[in-house]
Chemist: 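Structure incoming, see below.
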Number of protein chains: 2
Amino acid sequence: MPTTDTTRPVTTDLGDQLVRVVKLLTVARQRQPRQHPLVDPMAYPLLHHLAQGPMRVSALAEAVHADVSTVSRQVSTLVDLGFVERGPDPEDRRAHALSIGESGLGLLADIRAGRDRWLRQLLTDWTDDDVRDLTGHLARLAGDLETHLTTTTQRDDA
Amino acid sequence: MPTTDTTRPVTTDLGDQLVRVVKLLTVARQRQPRQHPLVDPMAYPLLHHLAQGPMRVSALAEAVHADVSTVSRQVSTLVDLGFVERGPDPEDRRAHALSIGESGLGLLADIRAGRDRWLRQLLTDWTDDDVRDLTGHLARLAGDLETHLTTTTQRDDA
DNA sequence: CCTTGATAGTTGTATGCTGCAAGCAACTGA
DNA sequence: TCAGTTGCTTGCAGCATACAACTATCAAGG
């Protein structure tokens, strides 16, 4: 047993708060009106990634840590609505080069703007430094999570 | 209107990171082996709240910001597995006084321990102060979220 | 060239978590 | 005791996801 702490370790509190925030954010997102009625909120990160350049479905799936089939469906919706274009991949005719369209960038901007309004309303008594501080910690945590998720496919503790 | 920023506001970055972390944590949780095969990870917060004293289903639902029906189902599972007891409510025979049992406390401890192991492995290069700092910010954010969720039932921005 | 195996993506099916609405039991007030 | 309200459960539907089967294409050898 490596945890010879008799006191409650700091990670326990962090875990509790993480679970709490995730839950609350999930609930909040569900209640928030969608920017576009047919676009899943879960598809938003796709736009975020596609905004940084064209990529394949498989690359996108890996980027968002989701199954290819899931991303395929989400992309299909976005394509049907005209936010994303499925162009030919010059190197492989099986694959598609997904690229975000004009309206897709607009949607992304709208999503960000709405989220910004909401956050600003939520964090009225936070200073900019507070926000930046939290953002920095979250980014670091996210980075650690990504490497952890990509390195360990399964197994570990338990 | 206080938002005369022409530069990217700090909340935009925060929003991006929040979405990212939530997504990553969700994925990580899905891949993690369950402490108990039949207990939803989403039910863990229920144990957390019940550990602080007996309460009704409705109170529990409000505490976790979920629908009563959802909590009812989750509680039924926990009762079937012996982690929670549905005792009579002395003041109202329609209601039940849910209380966590011996094994429920054990399960909660196991869940926390497993999460701790995972977090400690994840945050190897974080100092305790870093962790505490993030925890504090998250707690503050969670508090703001809770008041926001309880005050605004609908409407707002969009 | 063909054939065989691997790869990119799509679609069928199943599962898990959720909320809404209907229903049942019990409380409350007249 | 009767009408309305409240606490909870259950039937049903929605949504996101993953796994598996399938099609189309590529790549390597004979």
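We name chains A, B, ... by the order of the sequence lines, and we start the count at 1 in each one.
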Chemist: Does T70(B) place a side-chain N or O at less than 4.0 Å from the phosphate oxygens OP1/OP2 of dT18(C)?
Modeler: no
Chemist: Quickly work out the R56(A) CZ to dC26(D) P distance and round it to whole Å.
Modeler: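 Going from CZ in R56(A) over to P in dC26(D) covers 10 Å.
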Chemist: Output the rounded distance in Å from NE2 (H96(B)) to C1' (dC24(C)).
Modeler: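 So the NE2-C1' distance, H96(B) to dC24(C), works out to 12 Å.
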Chemist: Expressed in angstrom and rounded to an integer, what is the separation of Q30(B) atom CD from dT15(C) atom P?
Modeler: 16 Å
Chemist: Do any side-chain nitrogens or oxygens of K23(A) fall under 4.0 Å of OP1 or OP2 in dT18(C)?
Modeler: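 Indeed, a polar side-chain atom of K23(A) lies that close.
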Chemist: Could you please name the option among dG19(C), dA8(C), dT9(D) that lies closest to any side-chain atom of D67(B)?
Modeler: dG19(C)
Chemist: Rounded to whole angstroms, how far apart are CG on D89(A) and C1' on dA24(D)?
Modeler: 14 Å
Chemist: Do H48(A) and R20(B) meet the criterion of a side-chain donor-acceptor pair at a distance under 3.5 Å?
Modeler: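 On atom types as modelled, these side chains do not qualify, holding no pair under 3.5 Å.
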Chemist: Quick one: the side chain of R73(A) and the base of dG12(C), do they pair up donor-acceptor inside 3.5 Å?
Modeler: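 Side chain to base: pair present.
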Chemist: Between dG7(D) and R93(B), counting only base atoms on the nucleotide and side-chain atoms on the residue, is there a donor-acceptor pair under 3.5 Å?
Modeler: no
Chemist: Grab the CG-P distance between D92(B) and dA25(C) for me, whole Å please.
Modeler: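 For the pair D92(B) CG and dA25(C) P, the rounded distance is 15 Å.
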Chemist: Going by the angle between their ring planes, with limits at 30° and 60°, are W118(A) and H148(B) parallel, tilted or perpendicular?
Modeler: perpendicular
Chemist: Map A66(B) and A59(A) onto DNA chain C by nearest heavy atom, then report which one ends up closer to the 5' terminus.
Modeler: A59(A)
Chemist: Under 4.0 Å from OP1 or OP2 of dC8(D): is there any side-chain N or O of S69(B) that close?
Modeler: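 No, no such contact exists.
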Chemist: Base, sugar-phosphate, or nothing for V57(A), non-hydrogen atoms under 4.0 angstrom?
Modeler: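 Here V57(A) touches the backbone only, sparing every base.
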Chemist: Between D16(A) and R8(A), does any side-chain N to carboxylate O distance fall below 4.0 Å?
Modeler: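 Between R8(A) and D16(A) there is a salt bridge, with a charged N closer than 4.0 Å to a carboxylate O.
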Chemist: May I have the distance from E91(B) (atom CD) to dG7(D) (atom P), rounded to whole angstrom?
Modeler: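 After rounding, the gap between these two atoms is 12 Å.
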Chemist: When the distance from CD of E62(B) to P of dG7(D) is rounded to whole Å, what number comes out?
Modeler: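 It is 11 Å, rounded to the nearest whole Å.
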Chemist: Over how many whole Å does the gap from R94(A) atom CZ to dT25(D) atom P extend?
Modeler: 10 Å
Chemist: Any sub-3.5 Å donor-acceptor pair from T135(A)'s side-chain atoms to V131(A)'s backbone N or O?
Modeler: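 Side chain of T135(A) to backbone of V131(A): a pair is present.
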Chemist: Can you tell if the side chain of R56(A) reaches within under 4.5 Å of the side chain of D92(A), non-hydrogen atoms only?
Modeler: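 Result yes, sub-4.5 Å side-chain heavy-atom pair found.
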Chemist: Does a side-chain N or O from R86(B) land closer than 4.0 Å to OP1 or OP2 of dT9(D), or not?
Modeler: yes
